Each structure stands twice: as C-alpha cells, then as structure tokens.
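Structure first, commentary second.
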Amino acid sequence: MAIERTFSIIKPDATERNLTGAINALIEKAGLRIVAQKRIRMTREQAGTFYAVHKARPFFGELVDFMISAPVVVQVLEGENAVLKHRDVMGATDPSKAADGTIRKLHAKSIGENSVHGSDAAETAAIEIAQFFSGNEIVG
Ligand code: CMP
C-alpha cells in the first residue's frame, strides 16, 4: 500500500475544550503522521465552500455557524491507507454510534459538534488539502 494523505479538521467544540493535543495523540497512535498543521479562524466563505456538498441539507446553516464559532486546527495526515485509518480512529459521525476508543466516542458532544472532520476518499482529500495548504507548507 502506497503512502497516502488525508485532510483533517479539529473542530471548534474540541479546540474550545483544549483537546488538540489529546486528539493529536490518538491520531499519532493510529499510525498517522501530522505533516502540516495550522490553527485558523475559518471565514463564513471558507466554511461554505468547504461544506458546499451539504448545501441542500437542513443542517447546513447550523454547520457553517458552528465551524466559524471558534478556531479550528486544519491538518494534513500521512501514512499507509491514511484516509481509512483516519476514519477508523475518528469513529462514526454520530458519537452515540462510535466505537470505543475512537476520537468521537471519547470527545464528541453530538452529531453536529463532533470534534473532528476527515476526508472520505483520497480524491476528496486532495481537494480539501488544496483549500487550506500550499505545497511548501506540507513537510512529509
Ligand atoms: P463532517 O465529517 O465534518 O461532515 C459533515 C458534517 O455535517 C458532519 O461531520 C457533522 O458535523 C455535520 N452533520 C451531519 N449530520 C448532521 C445532523 N443531522 N445535524 C447537524 N450536523 C450534522
């Protein structure tokens, strides 16, 4: 399996509770390397573009409001099978359905305030990474 990259966000509910380090420890323990990372305040435009695929969903407005409510940490993660590995360590979107030991089971507050985002495929990851990082900011 070739080395792959995925895009990750530590969301406002987690940064507000000072959980960046705890979440990074779980990411690293899962065998992923954090090869780029920055703490930013997302603009409404950035959040709307990022979640454009969910524009028609009833929770879209709430989702954008939440993502700009406090700082987030955007990251590029690298490793073998990184997309799947990261999805496994995040756990299910709804924390009540997430497996024991996963980030969302341990830390998420609700399906909306679910602490982390991860790309769903390598193709999506490339698009999401390009929205927030330029090539020279990623150091593998
Ligand atoms: P994420 O992986 O970032 O991708 C889309 C996000 O929409 C998801 O995590 C959740 O935070 C959010 N989301 C999904 N379903 C709901 C819902 N029913 N109500 C509110 N937010 C949701």
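None of these values were measured; they are calculated from a predicted model. Order of appearance sets the numbers: ligands from 1, and atoms from 1 within every ligand.
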Record the part of [X] in heavy-atom contact with ligand 1 below 4.0 Å; permitted values are side chain, backbone, both and neither.
X      : value
Arg104 : side chain
Arg57  : neither
Lys11  : side chain

Who gets closest to atom 10 (C) of ligand 1 by heavy atom: Asp120, Ile111, Asp94, Asp13?
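Result: the heavy atom closest to atom 10 (C) of ligand 1 is in Ile111.
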
Option nearest atom 7 (O) of ligand 1 (shortest heavy-atom distance, choices Phe50, Phe59, Tyr51)
Phe59

Could you check whether [X] pairs with [Y] (Lys NZ or Arg NE/NH1/NH2 to Asp/Glu carboxylate O, under 4.0 Å)?
X     : Y      : answer
Asp65 : Arg44  : yes
Lys38 : Glu137 : yes
Glu78 : Arg33  : no

So, regarding Asn114 and ligand 1 (criterion: nitrogen or oxygen to nitrogen or oxygen, under 3.5 Å), is there a contact or not?
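Yes; at least one N/O pair falls below 3.5 Å.
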
Sequence neighbours excluded, every pair satisfying salt bridge (Lys or Arg N to Asp or Glu O under 4.0 Å) that has a member inside residues 106-119:
Lys109-Glu113

What pairs of residues pass the ring-ring contact (aromatic ring centres under 6.0 Å, His included) test when at least one of them lies in residues 7-28, not counting sequence neighbours?
Phe7-Phe50, Phe7-Phe132

Show the numbers, then the answer: is there a side chain to side chain contact (heavy atoms under 4.5 Å, CB included) between Ile10 and Val72?
CA-CA 6 Å; Ile10 301 177; Val72 298; over 6 Å; no

For atom 2 (O) of ligand 1, the protein heavy atom that lies nearest, with its residue and separation
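Scanning the protein heavy atoms, the shortest distance from atom 2 (O) of ligand 1 goes to His117 ND1, 3.3 Å.
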
